[in-house]
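Residue numbers begin at 1 in each chain, while the letters A, B, ... track the order of the sequences.
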Amino acid sequence: MPRSDEAEAFYHAVYSAIQEIPRGKVTTYGHIAALIGTPDRPRQVGICLKHLPNDPDAEFNGETVPWQRVINSKGGISPRSNHPAGAQTQANALREEGIPVEANEMGELRVDLAKYGWFPTQLPSEAGDGEEEGENGGEGRE
DNA sequence: CCGATGACAACGC
DNA sequence: CGCGTTGCCATCG
């Protein structure tokens, strides 16, 4: 649990932003950070998910927050330090949502950001020309 | 209280 | 264009 109220607000913003991710789509930590107004703190976003409460009574938990839809900018699922198998769990959850996850030779679970990437807001960086990650090339439905 | 680490990302070479 | 290093801030020891 957060030690500061400010941190709690940050966590709340992160969880809230993640809940906005439609099913069958994924986004990056950096984008979440940008959405909540702190594009310079993508790492803290990951920490928030790490601290995601398991209590079913909590407003934010693994059931209400689709943490599985949050991946890194490389379009892959990085192994956690504490629970290495957690990446597999995330990949499995994404597959159930209709998102194909394939592991390359390096064992890195990769997701097609170009197809399943969810980038709704026009960030100042990508507003002009600065495009990153990938764009919704096909844009399907939800 | 101070130092090290981390579910990341961007810049430099 | 791929690999290495730095920055960010909360949490752990």
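- Looking at the side chain of A:Ser73, the nearest of the listed nucleotides C:dC8, B:dA9, C:dT11 is B:dA9.
- Here A:Asn104 pairs with A:Met106, A:Glu108, A:Arg110 under the side chain to side chain contact (heavy atoms under 4.5 Å, CB included) rule; sequence neighbours left out.
- Taking atom OH of residue A:Tyr29 and atom C1' of nucleotide B:dG6, one finds them 11 Å apart after rounding to whole Å.
- Between A:Arg80 and A:Gln90, the side chains place a donor N or O and an acceptor N or O closer than 3.5 Å (distance only, hydrogens not considered).
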Could you run down the sub-3.5 Å N/O contacts of the protein with nucleotides 4-7 of chain C?
unit_1 : atom_1 : unit_2  : atom_2 : d
C:dG7  : O6     : A:Arg43 : NH1    : 2.9

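- Residue A:Ser78 places at least one side-chain N or O under 4.0 Å from the OP1 or OP2 atom of B:dC8.
- Under the salt bridge (charged side-chain N to carboxylate O under 4.0 Å, His left out) criterion, A:Arg69 pairs with A:Glu97, sequence neighbours left out.
- Among residues two or more places apart in sequence or in another chain, the ring-ring contact (aromatic ring centres under 6.0 Å, His included) test is passed with A:Tyr15 by A:Phe60.
- Across the protein-nucleic acid pair, A:Glu8 atom CD and C:dT11 atom P stand 10 Å apart, rounded to whole Å.
- For A:His83, the ring-ring contact (aromatic ring centres under 6.0 Å, His included) test picks out no residue, with sequence neighbours left out.
- Rounded to an integer number of Å, the gap from A:Phe10 CZ to C:dC8 C1' is 10 Å.
- Atom CD1 of A:Ile32 and atom C1' of B:dA9 are 14 Å apart (whole Å).
- Distance A:His51 NE2 to C:dA10 C1': 7 Å, rounded to the nearest Å.
- Side-chain proximity of A:Ile47 to C:dT11, B:dA9, C:dC8: nearest is C:dT11.
- Remark: P of B:dC8 and CD1 of A:Ile18 are 13 Å apart, rounded to the nearest angstrom.
- Taking 4.5 Å as the limit, every side-chain heavy atom of A:Glu20 sits out of range of all side-chain heavy atoms of A:Pro120.
- Within the nucleic acid shown, A:Arg80 comes within 4.0 Å of at least one base atom, counting heavy atoms only.
- What separates NE2 of A:His12 from C1' of C:dA10 is a distance of 19 Å, to the nearest Å.
- Closest to the side chain of A:Tyr11, out of C:dT11, C:dC8, B:dC8, is C:dT11.
- Applying the side chain to side chain contact (heavy atoms under 4.5 Å, CB included) criterion to A:Asn82, with sequence neighbours excluded, gives no partner residue.
- Residue A:Leu49 contributes atom CG, which lies 13 Å from atom C1' of B:dG6 at whole-angstrom precision.
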